[in-house]
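Below, read A as the first sequence line, B as the second, and so on, with proteins coming before strands; counting in each chain starts at 1.
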Number of protein chains: 2
Amino acid sequence: MQISSRFSVAVHVLTLLADNPAGELLTSDRLAGSVNTNPVVIRRILGQLKKAGLVEVRAAAGGTYLRRDPATLTLLDVYRAVDVVEGALFSVHEHPNPHCAMGRHIQAALDGTLARAQAALERELAATTLAQVVASVREPVG
Amino acid sequence: MQISSRFSVAVHVLTLLADNPAGELLTSDRLAGSVNTNPVVIRRILGQLKKAGLVEVRAAAGGTYLRRDPATLTLLDVYRAVDVVEGALFSVHEHPNPHCAMGRHIQAALDGTLARAQAALERELAATTLAQVVASVREPVG
DNA sequence: TTTTATTGTAACCAAAGTCGTTACAATAGA
DNA sequence: TCTATTGTAACGACTTTGGTTACAATAAAA
């Protein structure tokens, strides 16, 4: 099982927007061209990014532009925006046996442990900004 | 999207085994009772744990016992054993547009970033032993 | 040897999520 | 008014998950 590519596609799109000359809009068709997918897939993701305030989308002779400073926009913001993991990353069995005290205690102990692992993942995402991604794209060596 | 409960069920089962008086076997029926699921689900998971050398399973008047020292068995071992994430945790779009250099570079930069996030998660899992889980179950306060 | 409890595994199902696609109304700039 | 674009609904094919039934293989015990 993998985390939906919605997240990586969103970062891809935001990177293109951040790299774009200021003020110029990119259409879902052009963005889809770079990712190589269907424009509707891109529009669905743009809808989520818009809802989270990361981009502004214009209809008609339209397109999208970035609404946040790439230096302060972290991958955790994107991760949250596209709603790729709702709540807990690790699923635990929903209905533990209520008659087994041992079982209940294990679930509780496990919850804490798994939450720490999830937090480690999110800390790493929070430590990476869109500006850093753009920089490493421009200079593949670094 | 969440990581399969196979992983948390496996840790649950191993915790029960570690807490069990030495030498005594637990059947899939009893283990299923604590987790509150079907014995076949447990047996499927035990099969993976056995394959990875974490447990020994006996047929007939059978059952399962732990084969590794809880103090050195980490949650990363379990995570790997149940094969809950094959390869990369984050999926990236499989077919980037080969004609878009920008797109290709973004994919490469993204791969590195996402691999770091995954590594952070796995480091945390590797830092937690089964013995620690057992201890926190026995003493819920700590 | 026979009996018996248990494992190992195949087969099937319903539910959910993903990703791509077609279609079309709504929008806003020229 | 014309036109390019967005927003969204609807659908399909695919995959994974978790539960269930069924039954042969196994090995301990009687």
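Between A/Leu66 and A/Leu73, some side-chain heavy-atom pair lies under the 4.5 Å cut-off. B/Val9 is listed as a side-chain neighbour of B/Ile45, based on a closest heavy-atom distance under 4.5 Å. By the 4.5 Å heavy-atom criterion applied to side chains, B/Val84 and B/Ser4 are counted as neighbours. Between A/Val85 and A/Arg80 the shortest side-chain heavy-atom distance does not fall below 4.5 Å. Two residues are said to be in side-chain contact when any heavy atoms from C-beta on lie closer than 4.5 Å; B/His93 and A/Thr37 meet this criterion.
Between A/Arg138 and A/Asp19, at least one side-chain N (NZ, or NE/NH1/NH2) sits under 4.0 Å from a carboxylate O, which counts as a salt bridge. Comment: A/Arg6 does not engage A/Asp83 in a salt bridge, judged by the lack of any side-chain N to carboxylate O separation of less than 4.0 angstrom.
Atoms CZ (A/Arg58) and P (D/dT3) sit 23 Å apart, rounded to a whole Å. Computed from coordinates, the A/Asn38 CG to D/dG12 P distance equals 17 Å when rounded to whole Å. Remark: C1' of D/dA4 and CG of A/Leu25 are 13 Å apart, rounded to the nearest angstrom. As rounded to whole Å, 13 Å separates atom C1' of C/dT6 from atom CG of B/Leu26. As rounded to whole Å, 17 Å separates atom P of D/dT6 from atom CD of A/Gln48. In this structure, B/Glu56 places its CD atom 12 Å from C1' of C/dT7, rounding to the nearest Å. Distance CD1 (B/Ile45) to P (C/dG8): 13 Å, rounded to an integer number of Å.
Closest contact between the side chain of B/Arg43 and the listed nucleotides D/dT20, C/dC19, C/dT7 involves C/dT7. Nearest to the side chain of B/His93, among C/dG20, C/dT7, C/dA11, sits C/dG20. Relative to the side chain of A/Arg44, the nucleotides D/dG19, C/dA23, C/dG20 differ in distance, and C/dG20 lies closest.
Each of B/Ser91 and B/Val57 lies near DNA chain C, and the nucleotide nearest B/Val57 is the one positioned closer to the 5' end. Nearer the 5' end of DNA chain C, as judged by each residue's closest nucleotide, is the contact made by B/Leu46, out of B/Leu46 and A/Asn36. Map B/Thr37 and B/Glu86 each onto its nearest nucleotide of DNA chain D; the residue landing nearer the 5' end is B/Glu86.
Using a 4.0 Å heavy-atom cutoff across all strands shown, A/Lys50 reaches sugar-phosphate atoms only and no base atom.
DNA chain C lies under 4.0 Å from no heavy atom of any residue of residues 27-35 of chain A. Taking every heavy atom of residues 1-13 of chain B and every atom of DNA chain D, pairs under 4.0 Å involve B/Ser4, B/Ser5, B/Arg6, by number.
Below 30°, between 30° and 60°, or above 60°: for B/Phe90 and A/Phe7 the angle between ring planes is between 30° and 60°, a tilted geometry.
For the atom pair CG (B/Leu75) and CZ (A/Arg116), the distance works out to 9.0 Å, reported to the nearest 0.5 Å.
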